[in-house]
Amino acid sequence: MKCTTIRPGYECAFMTENGCSYKGGRCYPVVEQCEGCERIKEFNGEKYCLSYPEPAIKWAHKACNFATHVKAVVDNEGKVKVNPLKASKRAARGR
Ligand code: SF4
């Protein structure tokens, strides 16, 4: 259903006939780690994610799986790391 509150006109799984069903009846602004993601859109001077209502939760334990600007890579020790896409492209080119 289309949002009628913070992200008016955008489809949202949490929107219902009775309003927003997410925590507190609203969604929450993006966090620092989101900077550069193509899913960010500004509404009333505040930046929100078009795919997820609470970005801080998406980044709480690992990289956001919806992010367009980072990708998770597994290092030699099997640990998952997050690198900006640009850096990984540079590495692939050998620079
Ligand atoms: S998709 Fe993930 S990284 Fe991008 S804005 Fe939304 S929460 Fe942030």
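If you read the sequence from its start, that first residue is 1, and numbering goes on from there. Bear in mind the structure is a predicted one, so any value in this text is a computation, not a measurement. Start at 1 and go down the list; that is how both ligands and their atoms are numbered.
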*Examine Cys49 and say whether one of its N/O/S atoms is closer to atom 6 (Fe) of ligand 1 than 2.8 Å.*
yes
*Do any N or O atoms from the side chain of Arg7 and from the backbone of Cys49 form a donor-acceptor pair under 3.5 angstrom?*
yes
*Which of the numbered atoms in ligand 1 are below 4.0 angstrom from a heavy atom of Cys64?*
1 (S), 2 (Fe), 3 (S), 7 (S)
*Taking only heavy atoms of Phe66 into account, list the atoms of ligand 1 that are under 4.0 Å away from them.*
1 (S)
_His69: numbered ligand 1 atoms lying under 4.0 Å from its heavy atoms_ = 3 (S)
*Say whether Gln33 and ligand 1 are in contact under the criterion: heavy-atom distance to a ligand atom below 4.0 Å.*
no
_Closest non-hydrogen atom pair between Met1 and Thr16, with its separation_ = SD-C, 3.5 Å
_Proximity winner for atom 3 (S) of ligand 1, if only heavy atoms of Tyr28, Trp59, Tyr52, Tyr48 are counted_ = Trp59
*Is the closest side-chain heavy-atom distance between Lys23 and Ile57 below 4.5 Å?*
yes
*Would you mind checking which non-hydrogen protein atom is closest to atom 8 (Fe) of ligand 1, with the distance to 0.1 Å?*
Cys34 SG, 2.3 Å
*asked:* Using a 4.0 Å cutoff against the non-hydrogen atoms of Ile40, which atoms of ligand 1 qualify?
replied: 5 (S)
*Would you say the side chain of Pro8 lies within less than 4.5 Å of the side chain of Phe43, judging by non-hydrogen atoms?*
yes
*Of the non-hydrogen atoms in Pro55 and Cys34, which two are nearest, and what is the gap between them?*
CB-SG, 3.7 Å
*asked:* Using a distance threshold of 2.8 Å, state whether an N, O or S atom of Cys37 lies below it from atom 4 (Fe) of ligand 1.
replied: yes
*Please examine the side chains of Phe14 and Pro53, heavy atoms only from C-beta on, and report whether any two atoms are closer than 4.5 Å.*
yes
*For the ring pair Tyr28 and Tyr48, is the centre-to-centre distance below 6.0 Å?*
no
